[in-house]
Amino acid sequence: MSIHLLLGHLKALNRGIAAVKEDAVEMLASYGLAYSLMKFFTGPMSDFKNVGLVFVNSKRDRTKAVLCMVVAGAIAAVFHTLIAYSDLGYYIINKLHHVDESVGNKTRRAFLYLAAFPFMDAMAWTHAGILLKHKYSFLVGCASISDVIAQVVFVAILLHSHLECREPLLIPILSLYMGALVRCTTLCLGYYKNIHDIIPDRSGPELGGDATVRKMLSFWWPLALILATQRISRPIVNLFVSRDLGGSSAATEAVAILTATYPVGHMPYGWLTEIRAVYPAFDKNNPSNKLVSTSNTVTAAHIKKFTFVCMALSLTLCFVMFWTPNVSEKILIDIIGVDFAFAELCVVPLRIFSFFPVPVTVRAHLTGWLMTLKKTFVLAPSSVLRIIVLITSLVVLPYLGVHGATLGVGSLLAGFVGESTMVAIAACYVYRKQKKKMENETAAEGEDSAMTDIPPAEEGTDIVEMREENE
């Protein structure tokens with residue numbers, strides 16, 4: 001699902017930018033900065049998919065989830081507008097990133113155009129979570145593919161309009177909106193057709209009653225914090241890489257390389273994040289799964305094997321795509337539309353992406369297990385460690401002679417490893433607590449059964465007295 005969205009976004013972005021060949025690098029850098037900042041706001045809201053997956057068991061629960069997204073979307077749109085028109089935006093984009101006036105103006109304009117996208121994306125993901133709970137993963141995948149098709153078709157239409165001369169930035173942005181609209185509409189219609197009529201108005205006591213907004217937010221905020229740090233990692237990397245090169249033309253080129261390599265490097269492993277949804281959707285210890293009947297029982301062992309196979313497949317794809325001679329260059333030239341000299345500069349950063357599947361798989365598998373237990377609060381420290389490791393790497397590596405896009409991707413990898421390590425530690429902590437709790441419950445049950453097997457003292461005395469009378 002993620003790989004289809006990325007490919008569609010790539011075609012929309014780069015075919016639009018290719019319309020102005022003489023300004024392609026500057027346009028790529030501008031769009032890359034705006035899109036990465038926008039994803040910082042989209043990321044936390046898109047994680048409401050997991051709220052739909054775990055908490056939404058009734059129509060009332062869905063209404064509460066949608067209301068949360070409406071409020072969050074409005075806040076994101078206001079912040080986008082502030083960034084575009086206020087001095088705050090000038091400071092964040094022009095000053096902090098050390099970009100020139102032209103790139104800064106285009107970045108803030110693109111950021112304004114993207115103001116409504118976080119809300120549309122969040123609404124789509126909320127309904128995707130509900131559909132995944134009821135095992136409609138095929139429909140969710142079809143919605144993502146429809147997103148891709150809509151983007152490609154809309155770009156083809158816009159390339160024949162006057163936009164390529166007047167405002168070429170609008171070509172990839174409008175295609176992004178069109179794809180999101182198609183995806184959101186498909187998922188909402190799928191929900192109303194397949195699920196709306198079969199779920200109750202309110203959740204019964206066997207499902208823990210109606211989920212409150214407070215419970216949803218308590219479950220969601222650690223996941224949102226993690227995703228926010230993931231999304232803000234790219235702007236932080238762009239910032240440090242640009243400042244490291246002094247805001248020169250080399251800095252603009254480095255940001256452009258990062259913008260091109262992010263989605264291509266993400267393709268072979270990005271979908272591994274969706275492994276998080278497997279545990280909540282199939283684990284029978286999750287009470288909300290009582291609503292969904294499945295003929296085949298999926299055990300924890302099956303989920304572990306599935307996770308390992310996915311990781312092995314992703315690693316294989318990474319090494320085939322990025323280490324086979326001329327393959328990565330061909331992908332960049334054919335899909336992104338860059339020239340060969342630019343593609344050669346992207347090879348080393350792409351090869352670093354080959355090592356991302358291992359920490360991503362560990363993080364996704366353990367996060368899914370913790371989501372099933374509704375113990376997401378233990379994940380919060382991992383996001384803090386990720387940022388600390390990321391910034392430390394961005395500061396230290398230049399002293400070791402690492403600069404440009406290689407510095408950015410290498411620091412991202414260090415951040416991923418640090419985050420996955422902390423998630424593993426948190427999972428071990430929860431596992432030990434669960435195990436200790438089960439041992440205590442087993443011991444208590446054993447004591448209770450032993451007490452019931454021994455007759456009370458008064459009953460034993462009565463039996464002895466009856467025997468004496470008979471003698």
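Source: prediction; values computed, not measured.
- Between Leu187 and Tyr191, every side-chain heavy-atom pair lies at or beyond the 4.5 Å cut-off.
- Using cut-offs of 30° and 60° on the angle between ring planes, the pair Phe356 and Phe353 is tilted.
- Counted within 6.0 Å of CZ on Phe319, heavy atoms from surrounding residues, nucleotides or ligands total more than 12; the atom is thus considered enclosed.
- The closest donor-acceptor contact from the side chain of Thr186 to the backbone of Ala143 lies at 3.5 Å or more, if one exists at all.
- The backbone N or O of Val182 lies less than 3.5 Å from no partner atom in the side chain of Thr185, so there is not a single donor-acceptor pair.
- Below 30°, between 30° and 60°, or above 60°: for His80 and Phe111 the angle between ring planes is below 30°, a parallel geometry.
- Between the side chains of Ser233 and Arg386, at least one donor N or O lies within less than 3.5 Å of an accepting N or O.
- Residues passing the salt bridge (Lys or Arg N to Asp or Glu O under 4.0 Å) test with Lys330, sequence neighbours excluded: Asp334.
- Here the side chains of Leu82 and Ser86 are in contact, with some heavy-atom distance below 4.5 Å.
- Formation of a donor-acceptor pair under 3.5 Å by the Lys135 side chain with backbone atoms of Lys133 is found in this model.
- Across all their heavy atoms, Val362 and Ser420 have their closest contact at CG1-O, 4.4 Å.
- A distance below 6.0 Å separates the ring centres of Phe48 and Trp220.
- Within the 3.5 Å criterion, the main-chain N or O of Ile226 finds a donor-acceptor partner in the side chain of Thr229.
- Residue pairs meeting the side-chain hydrogen bond (donor to acceptor under 3.5 Å, both in side chains) criterion with at least one partner in residues 387-411, sequence neighbours excluded, are Asp244-His403.
- Using a distance-only test at 3.5 Å, with no hydrogens or angles considered, no donor-acceptor pair links the side chain of Lys49 to the main chain of Trp125.
- Taking the ring centre of Phe55 as origin, the terminal cationic atom of Lys64 falls outside the region bounded by 6.0 Å and 45° from the ring axis.
- At distances below 3.5 Å, not a single donor-acceptor pair connects side-chain atoms of Asn50 with backbone N or O atoms of Leu53.
- Annotation: the span from Met422 atom CE to Leu366 atom CG amounts to 13.5 Å, rounded to 0.5 Å.
- Using modelled atom types, no side-chain atom of Thr261 and backbone atom of Pro349 make a donor-acceptor pair closer than 3.5 Å.
- For Thr324 (side chain) and Met321 (main-chain N/O), no donor-acceptor pair under 3.5 Å exists by modelled atom type.
- Side-chain atoms of Arg276 do not come within 3.5 Å of backbone N or O of Thr367 as any donor-acceptor pair.
- Under a 3.5 Å cut-off, the side chain of Thr372 and the backbone N or O of Gly368 do form a donor-acceptor pair.
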